[in-house]
Amino acid sequence: MDMVTTLASQRAVVIFSKSTCCMSHAIKRLFYEQGVSPAIVEIDHDINGKDIEWALARLGCSPPVPAVFVGGKFIGTAETVMTLHLNGSLKRLLKEAGALWL
């Protein structure tokens with residue numbers, strides 16, 4: 001789990017993803033369209049991918065990807081991120097984390 005928290009704290013927005021996951025693709029796209037440049041950790045291409053996936057599951061990520069961290073804090077998987085986006089809370093979180101300047 002330390003690996004996940006370390007990676008998640010290195011940038012304002014970190015997305016743990018799998019390159020073959022359509023929901024991961026949709027969430028990455030959402031952030032790019034907001035003007036955010038997240039750090040992407042493709043766990044299916046990472047040598048520690050299985051350990052990362054296990055740690056994400058222990059954090060409550062179900063399914064384990066996409067898992068989104070903003071300001072070093074786990075905010076959720078695809079469903080939660082979309083809910084935050086639709087109710088307008090996502091932009092506020094991104095501004096507070098320094099991922100958006102506007």
Side-chain angles (χ1 to χ4, degrees):
M1 193 150 14
D2 289 338
M3 184 182 330
V4 168
T5 55
T6 299
L7 290 169
S9 66
Q10 291 179 346
R11 296 272 298 273
V13 178
V14 178
I15 301 173
F16 291 90
S17 171
K18 284 187 178 178
S19 60
T20 58
C21 173
C22 63
M23 289 309 294
S24 292
H25 176 75
I27 293 300
K28 290 184 281 190
R29 192 97 181 115
L30 170 69
F31 280 90
Y32 292 136
E33 289 174 1
Q34 298 296 312
V36 175
S37 182
I40 307 294
V41 179
E42 297 287 1
I43 66 173
D44 55 337
H45 293 251
D46 192 293
I47 193 163
N48 298 309
K50 288 291 181 192
D51 294 331
I52 293 170
E53 188 170 2
W54 180 78
L56 290 170
R58 285 191 51 211
L59 282 174
C61 300
S62 180
V65 294
V68 179
F69 289 76
V70 176
K73 296 179 186 174
F74 174 60
I75 62 163
T77 57
E79 184 177 348
T80 304
V81 171
M82 291 307 292
T83 299
L84 291 170
H85 173 61
L86 292 172
N87 72 22
S89 300
L90 183 60
K91 273 207 174 171
R92 180 182 49 80
L93 289 172
L94 294 172
K95 286 178 185 175
E96 288 172 1
L100 279 180
W101 297 99
L102 304 172

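Bear in mind the structure is a predicted one, so any value in this text is a computation, not a measurement.
Note on ring orientation: taking the six-membered ring where Trp is involved, the planes of F16 and F69 are perpendicular (angle over 60°, cut-offs 30° and 60°).
When side chains are defined from C-beta on, H25 does not count as touching T20, because their heavy atoms never get closer than 4.5 Å. Residues L30 and Q34 meet the side-chain proximity criterion, which asks for heavy atoms closer than 4.5 Å.
Residues I27 and V81 come closest through the heavy atom pair CD1-CG1, 4.0 Å. The minimum heavy-atom distance between F74 and V68, with the atom names listed, is CD1-O, 3.6 Å. When every heavy atom of P64 is checked against every heavy atom of L56, the shortest pair comes out as O-CD1, 3.5 Å.
Put simply, NZ on K28 and OG on S19 are 7.0 Å apart, with the number rounded to the nearest 0.5 Å. Separating the CG atom in L90 from the NZ atom in K95 is a distance of 11.0 Å, to the nearest 0.5 Å.
Using a distance-only test at 3.5 Å, with no hydrogens or angles considered, no donor-acceptor pair links the side chain of D44 to the main chain of K18.
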- Task: Test side chain to side chain contact (heavy atoms under 4.5 Å, CB included) on L100 and V36 and set out the steps.
- Result: CA-CA 6 Å; L100 279 180; V36 175; 3.9 Å; yes
- Item | side chain to side chain contact (heavy atoms under 4.5 Å, CB included) between E96 and V70, intermediate numbers included | CA-CA 9 Å; E96 288 172 1; V70 176; over 6 Å; no
- Item | Pair L84-K91, side chain to side chain contact (heavy atoms under 4.5 Å, CB included): steps then yes or no | CA-CA 8 Å; L84 291 170; K91 273 207 174 171; over 6 Å; no
- Task: Test V4 against V41 for side chain to side chain contact (heavy atoms under 4.5 Å, CB included), laying out the working first.
- Result: CA-CA 10 Å; V4 168; V41 179; over 6 Å; no
Can you give the donor-acceptor pairs under 3.5 Å from side chains of residues 7-15 to other protein atoms, not counting sequence neighbours?
unit_1	atom_1	unit_2	atom_2	d
S9	OG	T5	O	3.2
S9	OG	T6	O	3.0
R11	NH2	S37	O	2.7

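Within 6.0 Å of the CD1 atom in I47, the count of heavy atoms belonging to other residues, nucleotides or ligands does not exceed 12. Other residues, nucleotides and ligands place more than 12 heavy atoms under 6.0 Å from the CD atom of E33.
No path of Ile, Leu, Val, Met, Phe, Trp and Tyr side chains, each step under 4.5 Å between heavy atoms, connects I52 with M23, placing them in separate hydrophobic clusters.
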